Chemist: 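Just dropping this structure here.
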Amino acid sequence: MADDLSAVARFLYEAGTLKNTARTGWWMAGVKQPESVAEHSWRASLIASVIAKLEGADPARAAFLAVWHDTQESRTGDVNHLGKRYAPAGDPKAVTADQTAGMPEVLASAIRELVAEYEAGDSPEAVCAREADKLECMLQGLEYRAQGYAAAQRWVDNSRGRLTTETGRRLADELLGQGTLDWLRNALGEKAG
């Protein structure tokens, strides 16, 4: 490969900072050490593939969109909804253009197109990826609520109310009807408690 990969290498280091970038909205719910942006993006990608498969969209494409959906936060930080009223986060497409500057054009253009597709939200896969973002937030809220953070209920309710696909709403109902350790009880052959 003749292309210079130094910009790609720099981006890979930069993307690693998302493992240490907290999802700041959870601080308002009292969560002292909330999940990172990277943790959120991983599970959102998994959820996007599930929703897409069940909705008849391309699960790999939906997961691909979801894995890239918050990469800009390595530069902007995670600006929660209240914070955006006072200091809006940078435009994701503009941040992505800066992040991909100097990368081989075949890669840079693919990343810019992914982010633009996610932001537009009008392809079936983007709809599924955006749905997964909301469902992952709801799921995380349920887990925080189970850990004693009662204020996380606001995130559960808001996220559930923003779901638009049949699969997303049905999955939300299933999640709401289960305990956070029901999966373990089931795996051990125990009765749900």
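Source: prediction; values computed, not measured.
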Chemist: Is there a donor-acceptor pair closer than 3.5 Å between any side-chain N or O of Q72 and the backbone N or O of G77?
Modeler: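 No: the side chain of Q72 does not pair with the backbone of G77.
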Chemist: Got a second to check how far R185's CZ is from L181's CG, nearest 0.5 Å?
Modeler: 5.5 Å
Chemist: Side-chain heavy atoms nearer than 4.5 Å, only ILVMFWY residues, links allowed to pass through others: does that put V50 and L139 together?
Modeler: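 V50 clusters together with L139.
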Chemist: So that I know where these two stand, are Y144 and W27 an aromatic pair - ring centroids less than 6.0 Å apart?
Modeler: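 When the ring centroids of Y144 and W27 are compared, they turn out to be at least 6.0 Å apart.
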Chemist: Using only atom types and a distance under 3.5 Å, with no angle test, would you say the side chain of E39 pairs donor to acceptor with the backbone of S36?
Modeler: yes
Chemist: Are S45 and W68 close enough, and set up right, to give a side-chain contact (heavy atoms from CB on, under 4.5 Å), and what steps lead you there?
Modeler: CA-CA 9 Å; S45 298; W68 285 91; over 6 Å; no
Chemist: Between R170 and D173, does the salt bridge (charged side-chain N to carboxylate O under 4.0 Å, His left out) criterion hold? Intermediate values first, please.
Modeler: CA-CA 5 Å; R170 288 180 58 208; D173 291 343; over 6 Å; no
Chemist: When rounded to the nearest 0.5 angstrom, what distance separates SG in C137 from CG in L163?
Modeler: 10.0 Å
Chemist: Quick check: does any side chain N or O of D98 sit under 3.5 Å from a backbone N or O of V95, one acting as donor and the other as acceptor?
Modeler: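 Looks like no, no N/O pair under 3.5 Å.
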Chemist: Regarding E73 and T21, do their side chains bring together a donor and an acceptor under 3.5 Å, going by distance alone?
Modeler: no
Chemist: Could you walk me through whether F11 and T100 pass side-chain contact (heavy atoms from CB on, under 4.5 Å), step by step?
Modeler: CA-CA 8 Å; F11 176 77; T100 59; over 6 Å; no
Chemist: Would you say R75 has more than 12 foreign heavy atoms packed within less than 6.0 Å of its CZ?
Modeler: yes
Chemist: Would you say K32 has more than 12 foreign heavy atoms packed within less than 6.0 Å of its NZ?
Modeler: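 Incorrect, the count does not exceed 12.
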Chemist: Just wondering, are more than 12 heavy atoms of other shown residues or ligands nearer than 6.0 Å to CZ in R154?
Modeler: no
Chemist: Taking all atoms of both residues into account, what is the closest heavy-atom pair of T180 and L142, and its distance?
Modeler: CG2-O, 4.0 Å
Chemist: Any Lys/Arg nitrogen of R112 or E105 sitting under 4.0 Å from an Asp/Glu carboxylate oxygen of the other?
Modeler: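 Salt bridge between R112 and E105, a charged N being under 4.0 Å from a carboxylate O: yes.
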Chemist: Identify the heavy atoms of V127 and G121 that sit nearest to each other, and give their distance.
Modeler: CG2-O, 3.4 Å
Chemist: Identify which one of T17, L18, N20 satisfies the side chain to side chain contact (heavy atoms under 4.5 Å, CB included) criterion when paired with V37.
Modeler: L18
Chemist: So how far is it from D133 CG to E131 CD, rounded to the nearest 0.5 Å?
Modeler: 10.0 Å
Chemist: Would you indicate whether Q33, at its atom CD, is surrounded by more than 12 heavy atoms from other residues, nucleotides or ligands within a distance under 6.0 Å?
Modeler: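 Result for CD/Q33: open.
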Chemist: Among residues two or more places apart or on two chains, list those pairs meeting ring pair (Phe, Tyr, Trp, His ring centres under 6.0 Å) that have a residue in residues 86-140.
Modeler: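 For residues 86-140, and leaving out neighbouring residues, the ring pair (Phe, Tyr, Trp, His ring centres under 6.0 Å) pairs sorted by first residue read H69-Y118.
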Chemist: Taking all non-hydrogen atoms of both residues, which atom of E136 and which atom of A44 are closest, and how far apart?
Modeler: CG-N, 3.8 Å
Chemist: Could you pull out the closest heavy-atom pair between C128 and A57, with the gap in Å?
Modeler: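 Closest approach of C128 to A57, heavy atoms only: SG-CB, 4.2 Å.
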Chemist: Hey, what do you get for CZ (R162) to CZ (R169), rounding to the nearest 0.5 Å?
Modeler: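 Reported to 0.5 Å precision, the distance equals 14.5 Å.
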Chemist: Applying the 4.5 Å side-chain criterion to the ILVMFWY set and letting contacts propagate, would L65 and L54 be lumped into a single cluster?
Modeler: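 Different hydrophobic clusters.
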Chemist: Counting distance only, does the side-chain N/O of E14 pair as donor-acceptor with the main-chain N or O of S74 below 3.5 Å?
Modeler: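 Answer holds: no.
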Chemist: Do Q140 and R43 have side-chain heavy atoms sitting under 4.5 Å apart?
Modeler: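 The answer is yes, as the side chains (C-beta and beyond) meet within the 4.5 Å cut-off.
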Chemist: Between the side chains of D58 and K53, is the shortest nitrogen-to-carboxylate-oxygen separation below 4.0 Å, so that they form an ion pair?
Modeler: no
Chemist: Take T24 and W26 through the test side-chain contact (heavy atoms from CB on, under 4.5 Å) and record every step on the way to the result.
Modeler: CA-CA 5 Å; T24 63; W26 294 117; over 6 Å; no
Chemist: Return the OG1 to CG distance between T76 and D70, rounded to the nearest 0.5 Å.
Modeler: 8.5 Å
Chemist: For D157, check salt bridge (charged side-chain N to carboxylate O under 4.0 Å, His left out) against everything at least two apart and list the hits.
Modeler: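 In terms of salt bridge (charged side-chain N to carboxylate O under 4.0 Å, His left out), with neighbours along the sequence ignored, D157 is linked to no residue.
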Chemist: Can you tell if the side chain of R160 reaches within under 4.5 Å of the side chain of K134, non-hydrogen atoms only?
Modeler: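 R160 does not reach K134 side chain to side chain.
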Chemist: Indicate yes or no: at least one non-hydrogen side-chain atom of T164 is less than 4.5 angstrom from one of R130.
Modeler: no
Chemist: Indicate, with yes or no, if I111 and V8 share a hydrophobic cluster defined by side-chain heavy-atom contacts under 4.5 Å among Ile, Leu, Val, Met, Phe, Trp and Tyr.
Modeler: yes
Chemist: Does the pair E55 and E166 meet the rule for a side-chain contact (heavy atoms from CB on, under 4.5 Å), with working shown?
Modeler: CA-CA 8 Å; E55 288 284 318; E166 179 184 352; 4.0 Å; yes
Chemist: Applying the 4.5 Å side-chain criterion to the ILVMFWY set and letting contacts propagate, would L135 and W155 be lumped into a single cluster?
Modeler: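 No.
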Chemist: Identify the heavy atoms of F64 and L114 that sit nearest to each other, and give their distance.
Modeler: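 Closest approach of F64 to L114: CE2-CD1, 3.4 Å.
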Chemist: Which pair of heavy atoms, one from A52 and one from P59, lies closest together, and at what distance?
Modeler: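 Where A52 meets P59 most closely, the heavy atoms are CB-CA, 3.6 Å.
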Chemist: With sequence neighbours left out, what residues match E35 under salt bridge (charged side-chain N to carboxylate O under 4.0 Å, His left out)?
Modeler: R23
Chemist: Are V67 and W42 co-members of a hydrophobic cluster defined by side-chain heavy atoms under 4.5 Å apart?
Modeler: no
